[in-house]
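Below is one structure, written out as structure tokens, with a few remarks after it.
Below, chains carry the letters A, B, ... as their sequence lines are ordered, and counting in each starts from 1.
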Amino acid sequence: KQEVTQIPAALSVPEGENLVLNCSFTDSAIYNLQWFRQDPGKGLTSLLLIQSSQREQTSGRLNASLDKSSGRSTLYIAASQPGDSATYLCALVSGAAGNKLTFGGGTRVLVKP
Amino acid sequence: SAVISQKPSRDICQRGTSLTIQCQVDSQVTMMFWYRQQPGQSLTLIATANQGSEATYESGFVIDKFPISRPNLTFSTLTVSNMSPEDSSIYLCSAESPVEQFFGPGTRLTVL
């Protein structure tokens with residue numbers, strides 16, 4: 001069974017600091033991993049998708065890495081802004097989960113002005 | 001990418017009643033899914049909505065409680081039946097296009 005863990009559950013940083021969000025998973029046989037952003041009471045916005053054969057993906061200030069051998073992915077957000085305040089969720093597709101998305105519990109981020 | 005809309009965006013319902021949530025995708029997709037997000041929790045998959053056949057439900061979810069329709073490749077509905085306060089959650093639909101999953105804005109349901 002695939003289990004996905006995100007630590008810490010909550011994070012508070014001053015504006016301008018770089019954010020590092022961690023995601024770990026138990027079964028390394030994954031097909032792809034996605035990072036999402038969720039604002040309070042809203043749906044999910046897809047940020048980055050890393051396929052199994054890739055090591056990282058970048059979009060603007062966001063960079064996500066994937067290390068299947070250690071069962072880890074990291075989302076970096078450079079030069080954080082108050083608008084980055086949200087909950088960040090990682091989710092992955094693996095055979096152990098019947099080829100469906102398994103979500104982590106999320107990291108709630110607050111960027112203080 | 002895929003743009004997904006849901007209706008209604010929120011509703012307040014009385015216990016014992018049913019609510020049907022609609023999900024519309026702006027392009028044809030093979031896979032559509034329904035999730036539940038209980039207060040303060042992450043997402044839990046309810047079922048995969050299969051076009052032209054019965055939905056595939058995850059453990060703990062049954063068709064009588066959460067009937068799903070998928071009449072074509074762009075539309076699906078989820079009904080929450082015989083509601084109780086424990087059904088108060090955000091319900092989200094998603095679509096896979098082609099390997100990335102996109103989510104609708106969610107339906108916030110409150111059951112009194």
Side-chain angles (χ1 to χ4, degrees), chain A residues 1-10 21-25 30-54 57 59 62 64 66 73 86-109, chain B residues 1-12 21-25 29-50 55-61 78 88-110:
Chain A
K1 181 186 173 186
Q2 178 70 269
E3 294 184 0
V4 183
T5 304
Q6 291 184 249
I7 295 174
L21 307 179
N22 298 304
C23 173
S24 62
F25 46 93
I30 69 170
Y31 298 125
N32 59 57
L33 185 147
Q34 266 184 272
W35 281 93
F36 294 92
R37 168 187 172 135
Q38 185 176 32
D39 292 288
K42 305 294 185 183
L44 276 65
T45 300
S46 179
L47 298 173
L48 290 167
L49 168 74
I50 309 177
Q51 300 203 50
S52 175
S53 59
Q54 298 172 321
Q57 281 286 339
S59 176
L62 277 60
L66 174 63
S73 176
T87 296
Y88 292 83
L89 295 152
C90 77
L92 51 89
V93 177
S94 66
N99 298 340
K100 298 160 199 165
L101 271 181
T102 303
F103 279 86
T107 296
R108 190 170 64 254
V109 171
Chain B
S1 66
V3 177
I4 301 173
S5 59
Q6 283 184 236
K7 288 195 293 188
S9 59
R10 58 175 61 220
D11 208 341
I12 300 173
I21 303 167
Q22 299 179 7
C23 177
Q24 180 75 53
V25 188
V29 293
T30 302
M31 306 294 287
M32 290 183 72
F33 307 89
W34 286 97
Y35 291 82
R36 180 175 73 183
Q37 187 176 30
Q38 294 176 301
Q41 303 293 314
S42 191
L43 279 74
T44 300
L45 180 64
I46 297 172
T48 302
N50 300 308
T56 305
Y57 291 84
E58 297 300 302
S59 176
F61 298 96
L78 169 75
S88 297
S89 295
I90 298 175
Y91 292 86
L92 301 108
C93 76
S94 75
E96 196 173 80
S97 176
V99 294
E100 192 170 354
Q101 276 209 23
F102 297 91
F103 281 78
T107 296
R108 180 183 287 274
L109 171 63
T110 302

Could you look at A:Tyr31 and say if it's the side chain, the backbone, both or neither that has a heavy atom under 4.5 Å from chain B?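 A:Tyr31 has no heavy atom closer than 4.5 Å to chain B.
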A:Leu44 portion near chain B, given a 4.5 angstrom heavy-atom threshold: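 Contact with chain B: backbone and side chain both.
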According to the side chain to side chain donor-acceptor pair (under 3.5 Å) rule, which pairs have a member within residues 38-53 of chain A, sequence neighbours left out?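 Every pair satisfying side chain to side chain donor-acceptor pair (under 3.5 Å) with a residue in residues 38-53 of chain A: A:Gln34-A:Ser46, A:Arg37-A:Asp39, A:Gln38-B:Gln37, A:Ser46-B:Glu100, A:Ser52-A:Lys68.
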Should B:Leu43 and A:Leu89 be marked as a side-chain contact (heavy atoms from CB on, under 4.5 Å) after you check the CA-CA gap, both sets of side-chain angles, and the distance that decides it? CA-CA 9 Å; B:Leu43 279 74; A:Leu89 295 152; 4.2 Å; yes
I'd like to check the side-chain contact (heavy atoms from CB on, under 4.5 Å) partners of B:Ala49; sequence neighbours left out, ordered by chain and number.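 Only B:Met32, B:Trp34, B:Ile68, B:Arg70, B:Ser76 meet the side-chain contact (heavy atoms from CB on, under 4.5 Å) criterion with B:Ala49.
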Heavy-atom distance under 4.5 Å to chain A: side chain of B:Leu92, backbone, both or neither?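 Contact with chain A: side chain only.
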Apply side-chain contact (heavy atoms from CB on, under 4.5 Å) to B:Phe33 and A:Leu101, showing your working. CA-CA 10 Å; B:Phe33 307 89; A:Leu101 271 181; over 6 Å; no
Looking only at heavy atoms, which two atoms of A:Gly105 and B:Ser42 are closest? And how far apart?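 For A:Gly105 versus B:Ser42, the nearest heavy atoms are CA-CB, 3.9 Å.
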